[in-house]
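A short worksheet on the structure shown next.
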Protein chains: 2
Amino acid sequence: MLSIGELAAFVGVSTRTVRFYHSRGLLPEPPRDEAGYRRYTAEDVVRLSRIVALASAGVPLVRVGELLEAGEAEFAAGVAEVDASLQAEMKRLRALRSTLADLDSPDRLALPEILGRAIEKMRGAGAPTAYVDLYRDAWILAHALYPAEIRAYLAEFDLWSDPVYLDMQVRMLQLADVDAHDPRVDALAEDTVDWMEANRDAGSLKGYGELFSDERANRILTAQWIMTSAWDRLSELVMNGAQERGLVPTTPEG
Amino acid sequence: MLSIGELAAFVGVSTRTVRFYHSRGLLPEPPRDEAGYRRYTAEDVVRLSRIVALASAGVPLVRVGELLEAGEAEFAAGVAEVDASLQAEMKRLRALRSTLADLDSPDRLALPEILGRAIEKMRGAGAPTAYVDLYRDAWILAHALYPAEIRAYLAEFDLWSDPVYLDMQVRMLQLADVDAHDPRVDALAEDTVDWMEANRDAGSLKGYGELFSDERANRILTAQWIMTSAWDRLSELVMNGAQERGLVPTTPEG
DNA sequence: TCTTGCCTTGACGTAGCGTCAACGTCCTTG
DNA sequence: CAAGGACGTTGACGCTACGTCAAGGCAAGA
């Protein structure tokens with residue numbers, strides 16, 4: 001006959017834990033000896049080791065109780081479910097490790113040089129300060145959330161060294177708070193599509209599309225705090241134009 | 001400027017979580033707009049995404065705060081530590097998966113057939129009931145905690161089919177509560193060592209040693225609830241005799 | 001105007017134990 | 001045989017990292 005301390009030591013938990021499991025009805029209260037001490041059998045060891053295995057796999061104790069009371073088939077199904085969640089957790093941890101690897105670079109708030117220079121040029125070219133700041137914030141955000149991807153992209157495609165692209169970006173910033181149907185919006189949209197067509201083989205457009213392909217990235221781009229009605233219409237016009245000229249794969253879902 | 005909901009959505013947490021981090025001083029309270037709403041910048045996104053990354057790696061929030069306030073070197077060291085703990089956790093989960101795989105066999109409380117038959121034979125041979133029960137419990141325990149290993153061992157080495165071994169086990173059970181210095185203890189010890197020497201090449205001894213080589217297994221064998229003073233002395237005599245005849249590797253640590 | 005949705009603070013609830021507190025019991029050692 | 005230390009008992013409060021109302025203010029579309 002085992003004491004509570006021996007039982008706990010066998011399965012590697014504390015006595016407090018065993019008593020807690022009693023209070024939750026997971027482990028039945030064993031008979032007491034004359035002194036009022038709990039006395040356990042091998043059967044309790046089996047039950048407790050099951051509980052501990054499931055609990056240490058992260059199964060909520062309520063669910064552990066259900067599984068222990070359930071039939072053989074349901075128990076096996078439950079264990080399979082737990083196993084799947086363990087695999088998912090391991091996947092999450094793997095992903096987390098690569099996130100952490102990017103975390104210790106202290107320059108996440110510093111803009112990559114290329115972008116910093118480009119932004120200074122835009123400021124110098126008369127783009128409105130407030131919107132240049134928003135533009136800068138958006139890139140900082142993107143760089144903060146996807147440092148490796150952004151750096152790789154910028155290293156490969158230096159769009160801002162192209163004076164035509166730079167000029168279009170300045171015009172875009174200047175049109176931030178004009179009326180959405182201002183003719184300058186239409187003009188810029190046409191110029192942009194022209195530029196895209198001229199650069200269709202440069203690879204940078206494709207790279208840009210790949211860069212921002214997942215859901216979180218989409219939230220950055222469509223964030224309302226950086227969107228004005230003129231920009232909304234501008235991006236719509238550009239998307240339509242690009243699709244018409246076959247510069248962008250038509251997405252069937254819309 | 002981001003609202004708290006937008007900020008939270010960017011990094012994938014709830015607004016409650018963001019406010020909680022404010023209350024813990026992990027994320028500074030941002031300025032408010034005229035309505036009293038919190039307004040965030042890209043800088044806050046960076047800081048929050050760091051916090052979330054560390055927290056979801058299981059780092060306690062107090063420690064997260066320390067790391068964020070620490071210098072670059074200490075931060076890097078801390079992140080390395082976290083990474084190590086993630087690897088350890090993945091190792092734990094892998095081990096847990098194999099434990100779970102053994103969990104759904106409903107016969108963990110059932111003794112393997114070989115043992116069941118052996119125990120019946122011992123009972124028939126006049127071994128005291130109470131101690132046969134203890135013996136049985138110990139094997140149930142071992143089987144409960146190490147089902148795969150025990151089954152593999154029993155499948156390979158059927159010691160109880162050897163009538164000499166069976167007889168020795170019965171004698172052992174009969175000597176449970178005699179005086180530790182009863183001459184029958186010495187006699188049994190000598191017979192046991194003789195038997196071990198005769199079977200030194202059978203492999204079963206080595207297998208037995210490997211089976212119970214880790215710490216938890218040791219706790220089963222040395223559990224006080226199954227040890228009497230006579231058995232204590234018996235096992236001491238056997239160990240000494242086996243070492244003298246070179247049947248067991250001498251452990252340098254004692 | 002009314003509804004809907006996001007924002008505010010504050011308070012209480014939750015899981016899975018850890019950690020006293022205040023006390024009885026068992027075993028060993030002087 | 002007394003004393004100490006290791007173990008057992010119940011009960012209550014503490015802890016982390018939030019979730020979840022409650023009770024209200026502000027903004028914007030039908």
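Computed from a predicted model, the values in this text were never measured in an experiment.
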May I have the step-by-step check of side-chain contact (heavy atoms from CB on, under 4.5 Å) for B/Ile4 and B/Tyr40, ending in yes or no? CA-CA 7 Å; B/Ile4 193 170; B/Tyr40 297 90; 3.7 Å; yes
Between B/Glu34 and A/Arg38, which has a closest nucleotide on DNA chain D that is more 5'? A/Arg38
Return the residues of residues 84-97 of chain B meeting this criterion: a heavy atom under 4.0 Å from some atom of DNA chain D. Order them by number, or give none. none
Residue A/Glu236 excluded, over 12 heavy atoms near CD under 6.0 Å: no
How long is the line joining CD of A/Glu29 and C1' of D/dG8, in whole Å? 13 Å
Holding to side-chain hydrogen bond (donor to acceptor under 3.5 Å, both in side chains), I want the full list of residues that pass it with A/Arg24, two or more places apart in sequence or in another chain. none
Given 3.5 Å as the limit, does a donor-acceptor pair link the side chain of B/Asp44 with the main chain of B/Thr41, or not? yes
From C-beta outward on A/Arg32, which listed nucleotide comes closest to its side chain: D/dT10, D/dA17, C/dC7? D/dT10
Does OP1 or OP2 of C/dG16 have a side-chain N or O of A/Tyr21 closer than 4.0 Å? no
Of A/Val11, A/Ile51, A/Val13, which meets side chain to side chain contact (heavy atoms under 4.5 Å, CB included) against A/Val18? A/Val13
Using whole Å, report how far CG of B/Asp33 lies from P of C/dC7. 11 Å
Could you state the atom-to-atom distance from NE2 of A/His22 to P of C/dC17 in whole Å? 14 Å
Contact under 4.0 Å: B/Ser3 side-chain N or O vs C/dC7 OP1/OP2: yes
Are A/His22 and A/Pro28 packed together at the side-chain level, in the sense that at least one heavy-atom pair is separated by less than 4.5 angstrom? no
How long is the line joining CZ of B/Phe20 and C1' of D/dG19, in whole Å? 11 Å
Euclidean distance, atom CD1 of residue A/Ile51 to atom P of C/dG16 [Å, nearest integer]: 12 Å
Whole-Å distance separating the CG atom of A/Leu7 from the P atom of D/dG8: 10 Å
Test your reading of the model: is there a side-chain donor-acceptor pair from B/Arg63 to the backbone of B/Leu54, 3.5 Å cut-off? no
Residues touching DNA chain D, which here means a heavy atom under 4.0 Å, drawn from residues 56-65 of chain B: B/Pro60, B/Leu61
Check the interface with nucleotides 24-26 of chain D: list each N/O to N/O pair with the protein under 3.5 Å, or write none.
| from | atom 1 | to | atom 2 | distance (Å) |
| --- | --- | --- | --- | --- |
| D/dG25 | N2 | B/Tyr37 | OH | 2.6 |

Between B/Met122 and B/Gln169, is the side-chain contact (heavy atoms from CB on, under 4.5 Å) condition met? List the steps. CA-CA 8 Å; B/Met122 290 186 220; B/Gln169 293 288 88; 4.1 Å; yes
With no hydrogens and no angle check, is any side-chain donor or acceptor of A/Arg47 less than 3.5 Å from a backbone partner on A/Leu68? no
B/Arg19 side chain: which of C/dC17, D/dG8, C/dT9 is closest? C/dT9
Round to a whole Å and report the spacing from CG of A/Leu54 to C1' of C/dG16. 15 Å
Do any N or O atoms of the protein come closer than 3.5 Å to N or O atoms of nucleotides 18-20 of chain C, and which pairs are they?
| from | atom 1 | to | atom 2 | distance (Å) |
| --- | --- | --- | --- | --- |
| C/dG18 | OP2 | A/Ser14 | OG | 2.8 |
| C/dG18 | N7 | A/Arg16 | NE | 3.4 |
| C/dG18 | O6 | A/Arg16 | NH2 | 3.2 |
| C/dT19 | O4 | A/Arg16 | NE | 3.0 |

Judged by atom type as modelled, is there a donor-acceptor pair below 3.5 Å linking the side chain of B/Arg38 to the main-chain atoms of B/Leu2? no
In whole angstrom, what separates B/Glu6's CD from C/dC6's C1'? 10 Å
ring-ring contact (aromatic ring centres under 6.0 Å, His included) against A/Tyr37, all qualifying residues, sequence neighbours excluded: none
B/Glu66, CD atom: more than 12 neighbouring heavy atoms under 6.0 Å: yes
Tell me whether B/Arg50 forms a cation-pi arrangement with B/Phe75, defined as NZ or CZ under 6.0 Å from the six-membered ring centre and within 45 degrees of its axis. yes
Look at the side chain of A/Glu6 and the backbone N and O of A/Ser3, then say whether any donor-acceptor pair between them is shorter than 3.5 Å. yes
